[in-house]
Amino acid sequence: MPEVKSMFREVLPKQGQLSMEDVPTMVLCKPKLLPLKSVTLEKLEKMQQEAQELIRQQQQQPSPAQ
Amino acid sequence: MEVPMDPLFLAWSYFRRRKFQRCADICTKVLEDSPYDQESDSSLLMSEATWSLKTRALTEMVYIDEVDVDQEGIAEMMLDENAIAQVTRPGTSLRLPGTSQGGGPTPAVRPVTQSGRPITGFVRPSTQSGRPGTMEQAIKTPRTAHTARPVTSSSGRFVRLGTASMLTNPDGPFINLSRLNLAKYAQKPSLSRTLFEYIFHHENDVKNALDLAALATEHAQFKDWWWKVQLGKCYYRLGLHREAEKQFRSALNHQEVVDTYLYLAKVYQRLDQPVTALNLFKQGLDHFPGEVTLLTGIARIHEEMNNMTSATEYYKDVLKQDNTHVEAIACIGSNHFYTDQSEIALRFYRRLLQMGVYNCQLYNNLGLCCFYAQQYDMTLSSFERALALVSSDEEQADVWYNLGHVAVGIGNLPLAYQCFKLALAFNNDHAEAYNNLAVLELRKGRIEQSKAFLQTAASLAPQMYEPHFNLAILTDKVGDLQSSYAAARKSEEAFPEHVDTQQILKTLKQHFAEL
């Protein structure tokens, strides 16, 4: 639509000084790709978790010998 | 009439099918029925075989590849007597991350880990937290739960695993090591190897393992490379690196084995001699051309020295040999993501998905790559899956943190605010979330709140430059020039090439000069 286009005209200053101030802005921390875990690490974590479970179970029910 | 299967044969079958617990149970029963001290030769052999099988089953249950295991404690790191010079030449040490030699990414685009290294695409037991540079940092590091570092490596994970294996047997350990006549077993090559592996991996009793290995290698007249490698492993665990090096070198003279190269390179890495390790890997490649583990070793060293371009080159070489190598794909992918090519990164992560990797981390990475590659339809569903697959609070926090970024990207600041808050709810030590929350708070005009968040972030993660820099800007705005200067200095320390920090410092110096 030609009429609508003519409504907006770009404004480019032809004379005078154009100044721009570089204001420092706050920065966000960057998005974090999560590293994949190696098989060994997963196994280690699994074993540790199982051991912790076991300790918890044994602490909850003290052995009848005691 | 039913004929029962020979129990030892059944146990052996279970072992081959990797049902170790059942195998061990049957062995226990057999050993109970016919104890070790039998007179007749045939039954002695039988019980020896059962005993050996049980040690193997118990070892396999807790077996971890020794090449991968490497955890350096604070004591080893700080009381290191192997260092020759206090200040190393650039490019010869793993200790100083080095400021992006060889075109590494700056912290402005790629986040850093606790030790000031760019984060990698793959974690192994030894890359979990890197090396902190100072004692202060080393002690501070364990404060955040998921990067806890043991005081020494001999008090760390190994011991915990050792005691865990003892807990499973209410009658005490299977073999009482202190009563064992090691000299007798060292004479029997068929028993000594399984016994050694049991002592080393299951009991984690390195000193006894070392004794056994020393006796056995003597029995083999110092000609058996296998025992030399085991001796080296024991010395390495005990922190006697030079002795370990000797053993591995001598083992290599007898027989060229890939594993020995890997162990030896591990010793050099611990001695902080990455260049020697690189040369060793290349020697190994001469004997075993295209060996994937050696190539990966080279790539890892380059990555640890912050030389991402060569690391990627070597990871690509790895993929030429083995195109399903998860570590290589993940590392190349993350490298592409942080060099602003998220479309290519997306292809690498999609490849991982096709290969059957199915976990929270992968979906999180896919979500991020999709978002930055402008494939918005897949973004949120990927994150939903990531959230459905989380296994720990820390992971959950990280996923919400990344979702916060997506929310910032689409301009939905209230959602971003909530996401970062959720990240903090799951992991109270999430420094990045504190920093981003502070930025959002400042936009709302709450200066005090923002400042508090920034200070928390700065104290939690002094290696990140963002909180320091933001704090410098904020205090500069409210007129507290002294604090601003202090924060800017810290920011400069964390990221010396940051232009904006330099600018702030310059204007502040001008201010102070005018006063």
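Computed over heavy atoms, backbone and side chain alike; hydrogens, waters and symmetry mates excluded. Values in this document were obtained by computation on a predicted structure and should not be read as measured data.
Only the side chain of M464(B) comes within contact range of chain A, with heavy atoms under 4.5 Å apart. Of the two parts of L362(B), the backbone and the side chain both hold a non-hydrogen atom closer than 4.5 Å to a non-hydrogen atom of chain A. In this structure, the portion of L352(B) lying under 4.5 Å from any heavy atom of chain A is its side chain and not its backbone. With a threshold of 4.5 angstrom between heavy atoms, Y349(B) approaches chain A through side-chain atoms but not through N, CA, C or O. Both the backbone and the side chain of E432(B) have a heavy atom closer than 4.5 Å to some heavy atom of chain A. The parts of N436(B) that come within reach of chain A are both its backbone and its side chain, each placing non-hydrogen atoms under 4.5 angstrom from that chain. If you measure heavy-atom distances from N470(B) to chain A, the contacts under 4.5 Å come from both the backbone and the side chain. Of the two parts of L403(B), neither the backbone nor the side chain holds a non-hydrogen atom closer than 4.5 Å to a non-hydrogen atom of chain A. Contacts between L440(B) and chain A at a heavy-atom distance below 4.5 Å are absent for every atom of the residue. Residue contact with chain A, scored on non-hydrogen atoms closer than 4.5 Å, is absent for V406(B).
Heavy-atom neighbours of I447(B) CD1 from other residues, nucleotides or ligands within 6.0 Å: at or below the threshold of 12. Annotation for K444(B): atom NZ counts as buried by contact number, over 12 foreign heavy atoms lying within 6.0 Å.
Taking the side chain as every heavy atom from C-beta outward, F371(B) and P31(A) never approach each other to under 4.5 Å.
Among all heavy-atom pairs drawn from M61(B) and M47(A), the shortest one is O-SD, 3.7 Å. Annotation for V439(B) and V27(A): closest pair CG2-O, 3.7 Å, computed over non-hydrogen atoms. Between N359(B) and E42(A) the shortest heavy-atom distance is ND2-OE2, 4.3 Å.
Here CD of E45(A) is found 8.0 Å from OG of S392(B). Values are rounded to the nearest 0.5 Å. A distance of 8.0 Å separates CG of L34(A) from CG of L368(B), quoted to the nearest 0.5 Å. Rounding to the nearest 0.5 Å gives a distance of 10.5 Å between CD of E441(B) and CE of M26(A). From T25(A), atom OG1 reaches atom CZ of F469(B) across 6.5 Å, with rounding to the nearest 0.5 Å. Atom NZ of residue K32(A) and atom CZ of residue F337(B) lie 13.0 Å apart, to the nearest 0.5 angstrom.
A donor-acceptor contact shorter than 3.5 Å is absent between the side chain of N435(B) and the backbone of L28(A). Between the side chain of H405(B) and the main chain of C29(A), a donor-acceptor pair closer than 3.5 Å is present. Side-chain N or O atoms of N365(B) include none that pairs as donor or acceptor with a backbone N or O of L33(A) at under 3.5 Å.
A side chain to side chain contact (heavy atoms under 4.5 Å, CB included) with I64(B) is found for one member of L44(A), V39(A), L41(A) and no other, namely L44(A).
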(request) Go through the steps to decide whether E466(B) and K30(A) satisfy the test side chain to side chain contact (heavy atoms under 4.5 Å, CB included), and finish with yes or no. (result) CA-CA 9 Å; E466(B) 289 97 341; K30(A) 305 302 163 294; 3.5 Å; yes
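Options D500(B), I473(B), V408(B), L474(B) differ in how many heavy-atom pairs under 4.5 Å they form with chain A, and the most are formed by I473(B).
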